[in-house]
Amino acid sequence: MAILPPIDAHAHVLTNINGRELRALRSVVFAVTREPSEWAAAAARRDEFCIWGLGCHPGVAAAVAGFDRDLLEELVATTPLIGEVGLDGSSRVPISEQRRVFRAALEVARDKSRLVSIHSVRASGEVLAEIEAVGGIPGAILHWWRGNASETRRAVDLGCFFSLNGAEALRPKVMSSLPVHRVLTETDFPHTRRSDKSADRPGAVATIERALAEAWSMSDDDVRLQLWKNLASICTATRTSSSLPRRVQGGLLTIR
Ligand SMILES: [Zn+2]
């Protein structure tokens, strides 16, 4: 079996990046956006290994103010991913405004059955309450999750997936409490570079993969395969497999 490429389930990439540069990363990248002004460009892209997300970052006042549910519903037809969305307890944007936008994004994700990459800085419990309020989200991926032990159990019970990065590998908090079949990897490029020097581009998930190999007592190849199985499982749950880029679909076929 050919080695499957690394999976980066949360990275920030400019929507006008050259397709050749993305291909050169040799990784499956979930490229999230922060503002509605980026959505049209993200939705129009067709990249071999890159899945573009439509996001509205809770820390960006202009993004929250400019959130447009109708536009999200329209453009999400072109992509399996919503993100990054969420709540941020350290944001200056009023929490009621953040909640209005996050709730709407979750409702769209639920109704259209999409993957969602979720930000939860200093708002772990509040994020879970919103997921519960919409009756659960099969495609929820909690990105850079730092919830406490009981919140983490609650998130696992809600069916959430977790994308872990090099910062978690270097200062482990949640890794050992997560079921192996719910874990994905990410860089949150460029934001983890400060703690994980090797996360110098999207797809550079070696630090967290190595930590998972240790934690799970698996070989590097088996960790990669497990992560692909997890990707397959969340895509099956959301029925998004057929809207992934063809090359990613091809990878998923090799592990079934
Ligand atoms: Zn991010």
Side-chain angles (χ1 to χ4, degrees), residues 6-17 22 25 27-39 41-43 45 47 50-64 66-67 72 76 79-93 98 101-102 105-106 109 114-124 126-128 130-131 137 139-147 155 160-171 173-174 183-205 207-208 231 234:
I7 296 170
D8 186 344
H10 187 110
H12 293 267
V13 180
L14 293 174
T15 54
N16 63 358
I17 189 173
L22 273 179
L25 297 170
S27 305
V28 173
V29 176
F30 286 29
V32 296
T33 55
R34 288 154 55 99
E35 303 197 35
S37 59
E38 299 172 284
W39 293 353
R45 290 204 62 124
D47 293 287
C50 189
I51 298 143
W52 288 89
L54 308 179
C56 188
H57 196 289
V60 181
V64 175
F67 178 76
L72 180 62
V76 84
T79 177
L81 178 65
I82 291 175
E84 130 173 50
V85 292
L87 299 175
D88 189 323
S90 62
S91 167
R92 270 186 280 173
V93 179
Q98 295 184 40
V101 166
F102 183 44
L106 288 179
R114 289 296 189 268
L115 307 168
V116 205
S117 188
I118 300 174
H119 174 109
S120 56
V121 169
R122 296 193 188 174
S124 309
E126 291 89 334
V127 158
L128 299 180
E130 287 303 309
I131 294 173
I137 293 284
I141 304 169
L142 296 170
H143 122 77
W144 203 335
W145 174 252
R146 302 300 275 172
C160 296
F161 282 67
F162 303 81
S163 54
L164 305 184
N165 59 46
E168 166 70 21
L170 298 165
R171 277 196 311 126
K173 179 172 182 190
V174 301
V183 173
L184 296 168
T185 45
E186 65 161 50
T187 58
D188 197 15
F189 179 83
H191 303 295
T192 52
R193 258 188 319 188
R194 265 167 292 145
S195 39
D196 177 10
K197 296 274 178 289
S198 72
D200 58 355
R201 65 201 144 76
V205 293
T207 303
I208 183 64
L231 178 64
I234 194 168

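Atoms within each ligand, like the ligands themselves, are counted from 1 in listed order.
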For this session: Taking all non-hydrogen atoms of both residues into account, name the closest pair between I234 and A140 and its distance.
Result: CD1-O, 4.1 Å
Problem set entry | Shortest non-hydrogen contact between G53 and A42, atoms and distance | O-CB, 4.2 Å
For this session: Return yes if a side-chain donor-acceptor contact under 3.5 Å exists between T192 and N165, otherwise no.
Result: no
Exercise. Are side-chain N/O atoms of S163 and H10 paired as donor and acceptor at under 3.5 Å?
Worked result: no
Exercise. Quick one: side chain to side chain donor-acceptor pair (under 3.5 Å) partners of D47, sequence neighbours excluded?
Worked result: R45, W52
Exercise. Is a side-chain N or O of T33 found less than 3.5 angstrom from the main chain of G55, in a donor-acceptor match?
Worked result: yes
For this session: Give the total of protein N/O/S atoms at a distance below 2.8 Å from the Zn ion (ligand 1).
Result: 4
